[in-house]
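So you know, we letter chains A, B, ... as the sequences are listed, proteins then strands, and number each from 1.
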Amino acid sequence: MNTHRSDQSAFESALDACLARMAAGATSDECVAGYPEPLRTEVRNALAAVYRLRQAGGDPESGYVGRLEYRLWGAVAARGEQQRAWLGLGAFLRPRALGRSMAAVVLVLLVLAGTGVGAVQAWEGSLPDSPLYAVKTTIEQVNVATASSEAEKLDVRLRQIPQQLSDFINASRANRPDPMVRRLVTRVTETLTHAVDQAIQAQASGDAEPNRRVRNMIRTLKNRLTQLPEGPAVVSLQGLSEEQEQRLPPRPRPVRPAPTPAAANPTPAR
Amino acid sequence: MHQVATGVASAIQRAKANDEDAFANLYRLTVRGVYRYVSLRVPTVDDAEEVTQEVYMAAVGGLVALKATNEAGLYAWLYQIARHKAADLLRQRYRRPVEPLSDTAAIIDKAAAPQDMLEREADRDQVRNALEKLTPEQREVLLCKYVLEFSNDQTARQVGKNVNAVNQLHHRALASLARLLGADNG
């Protein structure tokens, strides 16, 4: 038992010493040269196994790392917004605050009634650093939620995507801070993901039209992105759009009518 | 080193408060290690990408419960999630084997890849198959020590054994892995 322990301890210390020397540039033969057999062979084999183990665990592709970062960014932002919404609702429902909150709602409605179309245009062009941006995203969600059918929901989403892309382009051109641009990438991607989900479901139940429309939208989106100066946000949005395109099922081939016997065996001309 | 530790502790706190940049920093710090671990547990690159994404999505959801305040603790937590997610995928694959179409796609990808990429892929498969033949404890010890670069103490905590037991496992695991890889080559 003691012999086994001392063997093991000798092996551990020889292996650690060799790994440290190899990290500094020595070869495995140089490292094991000073050890007696059978320890030398055992350590040499172990070093080869460690080397292959370390080599085999490949690094992720940089494009994948970037796309996942954007997706996580969106997930963290969404979690934050959800929590803030709950906190806001809690504050809104507190009896003492209720009067004040209602007054605020009435005030906003009055302002909107007074400014009419001007206010609508103001929030349409708003970016995440504007207080009106929250109004815009809420209206987007309400529009989807109040759509009467799946087809109408898809219509709404396909109308939202170009507007969301414009926001992204405006923010990129205006050199807005990176977090804001990322938030806009996430917004486009989320809407696109929902549209793709709908297209997948529709095709599973026999309707391939949403698939065609979503594919066209992705093609348009990608075309517009190729016209923009290349940067990390544009590259990520391109990658995320391609990922969504790949999720779409292949479109069913149009069924060609079977050739009629006359067409298949035309009567020879006389 | 102290600055890094303080940086990680503060990034964890800020990420818990939904600071997107802080979470992105933690992600960038750990993603390579997590991916490398996962890629040695699951069959394909697509699987590794899928599981890594699931790990971080789960991390976003569970971050509030994270007690760690340093890089080692953060890694240990992510490693636990990764271990479960990889096991889930393998169980799923065992019950529902991959459709032939995916195999064809993988072959097409490989055909288009340069020679060294093919060799790397073959080597990864060989190492992964050898790892699968070890006992789960031996496998985890090797992955913790050489892929996640955990210390002996950290590895012992992860596998729920004392350092002496881990050293024994490590010795046997390396001998078995060397034998299996040697047998594969021979």
Side-chain angles (χ1 to χ4, degrees), chain A residues 4-5 7-16 19 23 38 41-84 87 177-180 182-183 186 243 246 250, chain B residues 15 17-24 26-28 31-41 45 48-49 52-53 56-57 59-61 63-64 120-121 123-128 130-131 142-143 145-149 152 164 167-168 170-182 185:
Chain A
H4 176 71
R5 266 205 190 147
D7 284 354
Q8 189 190 306
S9 151
F11 169 80
E12 291 284 340
S13 49
L15 183 66
D16 286 347
L19 286 171
T41 306
E42 195 183 4
V43 174
R44 186 190 283 124
N45 292 344
L47 286 172
V50 169
Y51 175 78
R52 286 188 64 186
L53 184 60
R54 282 181 170 162
Q55 289 292 306
D59 281 329
E61 279 181 21
S62 60
Y64 166 78
V65 173
R67 286 196 300 278
L68 180 54
E69 185 175 331
Y70 270 83
R71 200 166 288 139
L72 292 169
W73 222 88
V76 177
R79 195 186 66 167
E81 270 162 28
Q82 214 175 10
Q83 283 175 1
R84 278 192 291 276
L87 287 173
D178 193 39
M180 181 195 289
R182 284 202 246 181
R183 187 166 291 180
T186 306
E243 265 184 19
Q246 282 164 11
Chain B
N18 301 318
D19 180 330
E20 295 98 337
D21 279 336
F23 192 87
L26 297 176
Y27 162 75
R28 282 193 288 264
V31 66
R32 276 172 186 79
V34 170
Y35 181 89
R36 287 167 71 87
Y37 168 80
V38 171
S39 73
L40 282 170
R41 296 288 290 118
V45 170
E49 292 187 349
T52 305
Q53 175 171 317
Y56 282 97
M57 284 297 181
V60 171
L63 193 67
V64 182
R120 223 180 309 145
E121 192 70 8
D123 198 52
R124 196 184 77 91
D125 282 349
Q126 228 175 35
V127 173
R128 209 182 63 79
L131 282 171
L142 292 186
L143 291 173
K145 271 183 78 90
Y146 297 115
V147 177
L148 295 173
E149 309 282 345
N152 283 355
N164 279 339
N167 283 341
Q168 277 182 22
H170 170 236
H171 191 172
R172 281 192 219 123
L174 263 185
S176 301
L177 184 69
R179 198 181 55 249
L180 288 163
L181 290 175
N185 286 336

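If you tally non-hydrogen atom pairs under 4.5 Å between each of B:E49, B:R128, B:R124 and chain A, the highest count goes to B:E49. Looking only at heavy-atom pairs under 4.5 Å with chain A, the residue among B:L177, B:V45, B:V147, B:V38 that has the most is B:L177. The most heavy-atom pairs under 4.5 Å with chain A, out of B:V31, B:D19, B:V60, come from B:V60.
A donor-acceptor pair is defined here as one N or O able to donate and one able to accept, closer than 3.5 Å; no such pair exists between the side chain of B:Y35 and the backbone of A:E61. No donor-acceptor distance shorter than 3.5 angstrom exists from the side chain of A:R52 to the backbone of B:A178, with no hydrogens or angles considered.
Scanning all heavy atoms of the two residues, the minimum distance from B:A48 to A:Y64 falls at O-OH, 4.4 Å. Here the shortest heavy-atom pairing between A:R54 and B:R36 reads O-NH2, 2.7 Å. For the pair A:A56 and B:L40, the tightest heavy-atom approach, listed with the atom from each and the gap, is CB-CD2, 3.7 Å. A:F11 approaches B:L174 most closely through the heavy-atom pair CZ-CD1, 4.1 Å.
Using a 4.5 Å cut-off between heavy atoms, B:Y146 contacts chain A through both its backbone and its side chain. Within the 4.5 angstrom heavy-atom criterion, atoms from both the backbone and the side chain of B:L142 approach chain A. Proximity to chain A (any heavy atom under 4.5 Å) is shown, for B:R41, by neither the backbone nor the side chain. Interface remark: A:L47 contributes no atoms to any contact with chain B (heavy atom separation under 4.5 Å). Contacts of B:Y56 with chain A are made by both backbone and side-chain atoms, with heavy-atom separations under 4.5 Å. Neither the backbone nor the side chain of B:A175 comes within contact range of chain A; no heavy atom of the residue lies under 4.5 Å from a heavy atom of that chain.
No side-chain heavy atom of B:L181 sits less than 4.5 Å from a side-chain heavy atom of A:L53. Using a 4.5 Å heavy-atom cutoff, the side chains of A:V65 and B:R32 are in contact.
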_Go through it in stages, so that I can follow the logic: the residues are B:Q53 and A:R67, the test is side-chain contact (heavy atoms from CB on, under 4.5 Å), and I'd like the CA-CA distance, side-chain angles, deciding distance and then a yes or no._
CA-CA 10 Å; B:Q53 175 171 317; A:R67 286 196 300 278; over 6 Å; no
**Message:** Checking B:D21 against A:R182 for the side-chain contact (heavy atoms from CB on, under 4.5 Å) test, could you report, in this order, the C-alpha distance in whole Å, the side-chain angles of both residues, the deciding distance, and whether it holds?
**Reply:** CA-CA 10 Å; B:D21 279 336; A:R182 284 202 246 181; 3.3 Å; yes
